[in-house]
Amino acid sequence: EDEDDRAQPTERDQADHGALAERAPEPQREGALDTPFTRYWGAVSYAIVGQNEKSIYWLDKILKDTPGLVFGKFATFFKPLLNNEFDKARKMLTEELLTSAGRHEYIPIYMAMGFAMLKDREGVMDWLLKSLEFGVSQPKLIEKIEPIISLMKGDPAFEKYMDTIRKLSE
C-alpha cells in the first residue's frame, strides 16, 4: 500500500476512527504522511478515540506551520476544547473560521463535535446539516463521536438527521 494512499480516509476509517488513528502519523514517523491534511486528519482521529495528547501534538504543528490554512483556523478552536478551555474556544469562533470551515467537506462533522463539547445543540445540528449539504452521510462515524451522542441522543432533530443519513448510507 502506497503511503500517500494511507493518508486518505477509507470507508473503514469513516466507520472506525480507531483504525484511522492507528494509521495516523505518529510524532516519530512524520515523513510522507506529514501534510496539512494528514495533520488535521490525525488530530481529529486521535480526539475521537480519546488520545488528546496526540491530537494536540498535531494541532500544535498545524498552528506553528500552517496557521493561515483552514486547518490552522480549526486548530485555534479545537485545541482549547481538548484542554477544557471552553471560553477560549468560543472566542476562536471567528467569522473567518466559520466561513472557511463551512466550505470544506471534511470539517463540518468535527465542527459539530466541537459545538457538542460546548454543549451547543443548535450549533451541532447546523454543522451536521452542513456536512449533509456536501453529501457526507456517515452514521457509523457520528455514532462514535461521544460528545455528539451524549448531547444529542433523543433530540428529535438529531434523530431525524440520523435516520436520513442511515437511509442515504444503505
Side-chain angles (χ1 to χ4, degrees), residues 1-14 16-118 120 123-138 141-142 144-145 147-148:
E1 183 174 278
D2 184 311
E3 281 193 85
D4 290 333
D5 292 338
R6 292 178 62 220
Q8 299 304 315
T10 66
E11 191 172 314
R12 177 174 174 239
D13 295 334
Q14 294 167 0
D16 180 2
H17 259 270
L20 182 58
E22 288 172 14
R23 290 180 24 226
E26 289 285 345
Q28 66 272 21
R29 63 174 180 92
E30 296 173 10
L33 292 179
D34 190 14
T35 68
F37 178 77
T38 58
R39 287 176 177 189
Y40 161 77
W41 201 251
V44 295
S45 298
Y46 285 128
I48 286 175
V49 297
Q51 295 183 32
N52 289 355
E53 286 182 19
K54 287 183 178 181
S55 179
I56 289 170
Y57 171 85
W58 289 111
L59 293 169
D60 282 341
K61 286 192 72 83
I62 292 167
L63 288 166
K64 178 181 177 272
D65 297 339
T66 55
L69 296 181
V70 65
F71 308 119
K73 293 171 185 41
F74 175 83
T76 65
F77 167 62
F78 206 69
K79 181 183 175 186
L81 291 172
L82 296 180
N83 285 321
N84 296 316
E85 298 172 320
F86 302 112
D87 289 337
K88 183 176 180 180
R90 281 184 192 90
K91 289 177 185 169
M92 299 298 117
L93 288 170
T94 64
E95 195 60 41
E96 185 178 16
L97 166 61
L98 298 172
T99 300
S100 59
R103 292 182 182 145
H104 195 290
E105 67 183 300
Y106 287 108
I107 295 182
I109 287 176
Y110 307 103
M111 289 294 291
M113 179 180 174
F115 274 79
M117 295 167 81
L118 293 173
D120 181 339
V124 171
M125 286 310 305
D126 288 346
W127 284 102
L128 290 176
L129 293 172
K130 173 63 78 178
S131 73
L132 195 52
E133 288 175 22
F134 282 111
V136 177
S137 59
Q138 299 177 12
L141 170 59
I142 300 298
K144 294 193 181 293
I145 303 177
I148 293 176

Quiz item: Are Tyr40 and Tyr106 close enough that their ring centres sit under 6.0 Å apart?
Solution: no
Practice problem: Side-chain contact test, heavy atoms from C-beta onward, threshold under 4.5 Å: evaluate it for Tyr110 versus Trp41 and give yes or no. | Solution: yes
Quiz prompt | Any donor-acceptor N/O pair, Thr66 side chain to Ile62 backbone, under 3.5 Å | solution = yes
Self-check item: Nearest-0.5 Å distance, OG of residue Ser45 to CD of residue Gln51
Solution: 10.0 Å
Practice problem: Heavy atoms only: give me the nearest Pro108-Phe134 pair and the separation to one decimal. | Solution: CG-CE1, 3.9 Å
Quiz item: Can you find a heavy atom in the side chain of Val44 that is under 4.5 Å from one in the side chain of Ile109?
Solution: no
Practice problem: Quick one: list whatever passes salt bridge (Lys or Arg N to Asp or Glu O under 4.0 Å) with Glu133, sequence neighbours left out. | Solution: Lys130
Practice problem: Over all heavy atoms of both residues, which pair between Ala89 and Leu118 is shortest? Give the atoms and the distance, please. | Solution: CB-CD2, 4.5 Å
Self-check item: For the student: nearest non-hydrogen atoms of Ala112 and Val124, plus distance
Solution: O-CG2, 3.5 Å
Exercise. Output all residues satisfying salt bridge (Lys or Arg N to Asp or Glu O under 4.0 Å) with Asp60, sequence neighbours left out; order by chain, then residue number.
Key: Lys79
Quiz item: When rounded to the nearest 0.5 angstrom, what is the spacing between CG in Leu81 and CD1 in Ile56?
Solution: 10.0 Å
Self-check item: Aromatic ring pairing Phe115/Trp127, orientation class (parallel under 30°, perpendicular over 60°, tilted between)
Solution: tilted
Quiz item: Any idea which heavy atoms bring Leu132 and Ser137 closest together, and the distance?
Solution: CD1-CB, 4.4 Å
Practice problem: Quick one: which residue pairs count as a salt bridge (charged side-chain N to carboxylate O under 4.0 Å, His left out) with a foot in residues 80-92, not counting sequence neighbours? | Solution: Asp87-Arg90
Self-check item: Point-to-point distance, once rounded to the nearest 0.5 Å, from CD1 of Ile142 to OG of Ser131
Solution: 6.0 Å
Quiz prompt | Pairing residues for Glu96 by the salt bridge (Lys or Arg N to Asp or Glu O under 4.0 Å) criterion, not counting sequence neighbours | solution = Lys73
Quiz prompt | Residues forming a side-chain contact (heavy atoms from CB on, under 4.5 Å) with Val70, sequence neighbours excluded | solution = Ser100, His104, Ile107
Practice problem: Could you check Leu59 against Leu82 for side chain to side chain contact (heavy atoms under 4.5 Å, CB included), going step by step and ending with a plain yes or no? | Solution: CA-CA 10 Å; Leu59 293 169; Leu82 296 180; 3.8 Å; yes
Quiz prompt | ring-ring contact (aromatic ring centres under 6.0 Å, His included) against Phe78, all qualifying residues, sequence neighbours excluded | solution = Phe74
Quiz item: Are the side chains of Ile48 and Met113 in touch, meaning some heavy atoms are under 4.5 Å apart?
Solution: yes
Quiz prompt | Side-chain heavy atoms of Leu98 within contact of Met111, under 4.5 Å | solution = yes
